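Bear in mind that the values here come from a model prediction, so they are computed numbers and not experimental data.
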Amino acid sequence: MENVTKPSLKEKAVNALNTAKTYWQKPAEGKYVSYKEVAFLSGAGFGAHWLTLLATSISLSATNYIVGPSIGLEPVHLQIMLNVANIIGIPIGIFRSWYYDNHHLEGGKFLPFINKSALPIFLLSTLFVWLPYEYMNYITKAVVVEVMYLAISISLSFYTESYSYFQQIITPDSQERSNVMSISQIVYSLAPTISNAALPALAGMTWGRDNIWTYRVIYPCFTVIGLIMSLVFFRKVKERLILPKVKPEPVRMFDAIREVAKNKYYWMIQAAAWIVFLESGYGVILTWSFNYGFDGKYAGAPEGVASLVIGNAALWSMMACPFAIKKFGKRNLLIIINGFNVLAIAALYFAYHNIWLICIITYLNTFISTFWNIVQHNISADMRDYHQWKTGVRVDGLFGPLGMIGTVIGLFTGMFYPYIYESMGLKGDYSVLYDDAIRNNLFETLIFWSAIGAVLNLLPFFFYNLTENKHKGYVEVLKIRAMFINNSVNKLEDSELVDAVRIIRTARELYGKQKLPEDKSAIKAAKRMPKKTEEEKLLRMKAIAEAKAEYNNLVERNLATERAGIVVEELEKFTTKAGLIRISEAEKTVAEGKLCFYKNVSQEMARAKSLPKSTSQEKEIRADAIKLAKLKKQANRLIERFGIENIVLPSESVKEEIQSRETPTFAEAMKVRKELREWAKAVSIYERATKPYTESELLLSQAKDYTHLEELEMRAAALGV
């Protein structure tokens, strides 16, 4: 009989330390992120929060202590100012979104923006609070606040969006991403935990939350530490996008928007985001209760202690989140946590008269809602990977322009709560909140509408069906596509080849096979084994562990069987009926030449739209035909407008010559800018006019790449795969 001993607590601790040491510099097999990088990402998140602490504390909202009680701007005026800022921000946001996907900065897709915007955030937010508002009249204060808010928003948006996007691409593995984000956010959560406890206490001992000097002296102490940490730690982390090693084509904004508009998961996420404004109304109840309720006896240090304890709730949900995602899946977890959120807000309606019940409910709600902070990044990353699989183009920033619809909606929805505040007695004088009748009536109204918002926010996720296993299948396909493209340009690394070929072989072995029954009887039988003596206990533990391992292998085999269809469909996409038709049409288009006027396009579009669409293959054939006809129609419009002889691709040397000119005067500088715009316009016209040809040529090139699969498998076999 094998002698099995149960490891002691000390041995477990030693094993954990040895594991951390082993994978400190290099990640475990099958993983992407080392322990060292997780540590640096954690420090970076801590620094990011403190760096942006003051900047994010400045908002054009009636509930904001800085612009409201401290500077003295009225709620409705603040909402009007916010609407103006949002309108001005729309073109800025569109440019930012486009620039993410088309810049040529060194250091990655998002990391350059994090590193370059950190210092401006610190300088602008500090300048904002140090401006002499005490000596300004009301109109001057409003104008200065508006201008400074816009300036801060530009840098802050680049920083926070880039940080959010970066977390989504630190690893392409969805479960590993959940684990990494959970660990890093545990450390990250220390930043708000410390600041949420310290700031109210320090404010209570000095000037108070509604005095500008609190934000001039106390907050910058945190932001300067955050600046240093951000600049140091973000330089030690990496982005990991699954992309071929070829120069990416520029992503055209309107092309990307048209494709993004077809992404059903994007609209589900956006629908929930548009409703969040309604759910957020209850958020002021805790701080207003401490500062204005109960005769103000809980203001200052008690609020700091409560914030410290409540902030601790996030720690436990961050630790539990990876396990919850693995157990329930992201979609089911979102439904569960949103359901609990509805109940927590409803409970607040009956408890807001008691400060400690408010704290308890807020603690529970913080625990619940923190799950969303991790899950939202994961579902957003999954949605982008799905989009890359679906369209063949990696888009991150250009999801933003469609998101501007939410900004426009916010121009109207943003007036909702300020209107409620003013209609119930809260205008420029926040001292009315000391009146129990006004404050309690306002609280009841806020809770009611927040509960309605929480219910509405729950609904979109009932339609979200992008499972973790589907996402894993899409990522596997992206690896296979990158293998073929990298091979075509002689940049395929052995590790990439081995990984992709293993995926292909597993898919072929399991394709078409039935899933096996997932029976837990062996685990249950092992748990029923006797456990009276120490030896029996150890044998029982071993049997349970073996039964669980066997069951988990069976589950993984079934999941791989599900994914096999996605992989095999990708490998055979050029040999199906739809694929052969696609190749045939591409060959005809290429044969017509790179730039030509396509005849009978209207009839071609009509024929495409009349094609049957009963089966998935028929839908695919019809969609391909419509897409090609649209490209030809666009090319014809450009040729009719400009003339075929005038559509010429300008040389890069022309651009270089324009850029190299000396511009000693303003007029000459403007001339250079005009000529560069004309050059860019000519490039755009040429590329759109020749797009039917270039798209068809690309498809034929991909089809040719896929014919090299057998030789790639032979090469992998030589490597021992």
Quiz item: Around Phe340, counting heavy atoms of other residues, nucleotides and ligands shown, do more than 12 lie under 6.0 Å from its CZ?
Solution: no
Quiz item: Does the side chain of Pro120 come within less than 4.5 Å of Phe158's, by heavy atoms?
Solution: no
Quiz item: Can Ile358 and Phe290 be said to form a side-chain contact (heavy atoms from CB on, under 4.5 Å), step by step?
Solution: CA-CA 10 Å; Ile358 295 173; Phe290 271 108; over 6 Å; no
Quiz item: What distance do Trp130 atom CH2 and Trp213 atom CH2 have between them, rounded to the nearest 0.5 Å?
Solution: 4.0 Å
Quiz item: Between the main-chain N or O of Thr160 and the side-chain N or O of Ser164, is there a donor-acceptor pair closer than 3.5 Å?
Solution: no
Self-check item: Centroid separation Phe233 to Trp50 less than 6.0 Å
Solution: no
Quiz item: Shortest non-hydrogen contact from Ile58 to Tyr149?
Solution: O-CE1, 3.7 Å
Please tabulate, for side-chain N and O atoms in residues 451-465, each donor-acceptor pair with protein atoms closer than 3.5 Å (sequence neighbours left out).
from, atom 1, to, atom 2, distance (Å)
Asn457, ND2, Glu279, OE1, 3.2
Asn457, ND2, Asn338, OD1, 3.2
Asn465, OD1, Tyr265, OH, 2.6

Exercise. Starting from the C-alpha separation in whole Å, work towards a yes-or-no answer on side-chain contact (heavy atoms from CB on, under 4.5 Å) for Leu111 and Ser162.
Key: CA-CA 7 Å; Leu111 283 172; Ser162 298; over 6 Å; no
Quiz item: So, Asn137 versus Thr140: side-chain donor-acceptor pair below 3.5 Å or not?
Solution: yes
Practice problem: For Arg216 and Leu131, work out which heavy atoms get closest and say how close. | Solution: NH2-O, 2.8 Å
Exercise. Check whether the ring centres of Phe234 and Tyr163 lie less than 6.0 Å apart, and answer yes or no.
Key: yes
Quiz item: Rounded to the nearest 0.5 Å, how far apart are CG of Asp382 and NE2 of His387?
Solution: 14.5 Å
Exercise. Please name the pair of heavy atoms, one in Ile447 and one in Leu348, separated by the smallest distance, quoted to 0.1 Å.
Key: CD1-O, 3.6 Å
Quiz prompt | Under 3.5 Å: donor-acceptor pair, side chain of Lys141, backbone of Gly72 | solution = no
Quiz prompt | Atom pair CD1 (Ile269) and CE (Met383), whose distance is rounded to the nearest 0.5 Å | solution = 4.5 Å
Exercise. Answer yes or no: is there a side-chain heavy-atom contact under 4.5 Å between Tyr159 and Leu51?
Key: yes
Quiz item: Do the side chain of Thr467 and the main chain of Lys470 share a donor and acceptor less than 3.5 angstrom apart?
Solution: yes
Quiz item: To the nearest 0.5 Å, how far apart are CG in Leu286 and CD1 in Ile361?
Solution: 11.0 Å
Practice problem: Return yes if some donor-acceptor pair links the side-chain N/O of Ser155 with the main-chain N/O of Ile152 below 3.5 Å, else return no. | Solution: no
Quiz prompt | Non-hydrogen side-chain atoms of Ile71 and Met136 separated by less than 4.5 Å | solution = no
Quiz item: Just by distance, do the side chain of Thr370 and the backbone of Ser317 share a donor-acceptor pair under 3.5 Å?
Solution: no
Quiz item: How about His77 and Tyr138: are their ring centroids closer than 6.0 Å?
Solution: yes
Self-check item: Within-4.5 Å side-chain heavy-atom neighbours: Phe110 and Ile169
Solution: yes
Quiz item: Is it true that a side-chain atom of Ser369 and a backbone atom of Asn365 form a donor plus acceptor pair closer than 3.5 Å?
Solution: yes
Quiz item: Atom CG in Leu73, atom CD in Gln79: separation rounded to 0.5 Å?
Solution: 13.0 Å
Practice problem: Look at the side chain of Glu239 and the backbone N and O of Lys109, then say whether any donor-acceptor pair between them is shorter than 3.5 Å. | Solution: yes
Exercise. Output yes when a side-chain donor or acceptor of Asn115 lies under 3.5 Å from a complementary backbone atom of Leu231, and no otherwise.
Key: no
Quiz item: What pair of heavy atoms forms the shortest contact from Ala151 to Leu124, and how long is it?
Solution: O-CD1, 3.6 Å
Quiz item: Do Tyr215 and Phe128 come within less than 4.5 Å of each other through their side chains, counting heavy atoms only?
Solution: no
Quiz item: Do Leu466 and Lys330 pass the side-chain contact (heavy atoms from CB on, under 4.5 Å) test, and can you show the C-alpha distance, the side-chain angles, and the key distance before you say yes or no?
Solution: CA-CA 9 Å; Leu466 180 56; Lys330 289 186 276 292; over 6 Å; no
Quiz item: side-chain contact (heavy atoms from CB on, under 4.5 Å) between Ile66 and Leu54: does it pass, once the steps are laid out?
Solution: CA-CA 10 Å; Ile66 300 177; Leu54 178 55; 4.3 Å; yes
Quiz prompt | Minimum-distance pair of heavy atoms, taken over all atoms of Thr52 and Thr56 | solution = O-OG1, 2.6 Å
Quiz item: Should Ser61 and Leu82 count as side-chain neighbours, where that means a heavy-atom distance under 4.5 Å?
Solution: no
Quiz item: Measuring from Thr287:OG1 to Asn291:CG, what's the distance to the nearest 0.5 Å?
Solution: 6.5 Å
Exercise. Give a yes-or-no answer on whether the side chains of Glu444 and Asn440 include a donor-acceptor pair shorter than 3.5 Å.
Key: no
Quiz item: Can you tell me if CH2 on Trp316 sees more than 12 non-hydrogen neighbours from other groups inside 6.0 Å?
Solution: no
Quiz item: Taking side chain as C-beta onward, heavy atoms only, is Ile438 less than 4.5 Å from Tyr292?
Solution: no
Self-check item: Sidechain-backbone polar pair: Asn441 side chain, Ala437 backbone, donor-acceptor under 3.5 Å
Solution: yes
Practice problem: Verify, without hydrogens or angle tests, whether Ser195 (side chain) and Pro192 (backbone) share a donor-acceptor contact under 3.5 angstrom. | Solution: yes
Quiz prompt | Exercise: identify the closest heavy-atom pair between Val76 and Pro418 | solution = CG2-O, 4.4 Å
Quiz item: Leu190 versus His49: any side-chain heavy-atom pair under 4.5 Å?
Solution: no
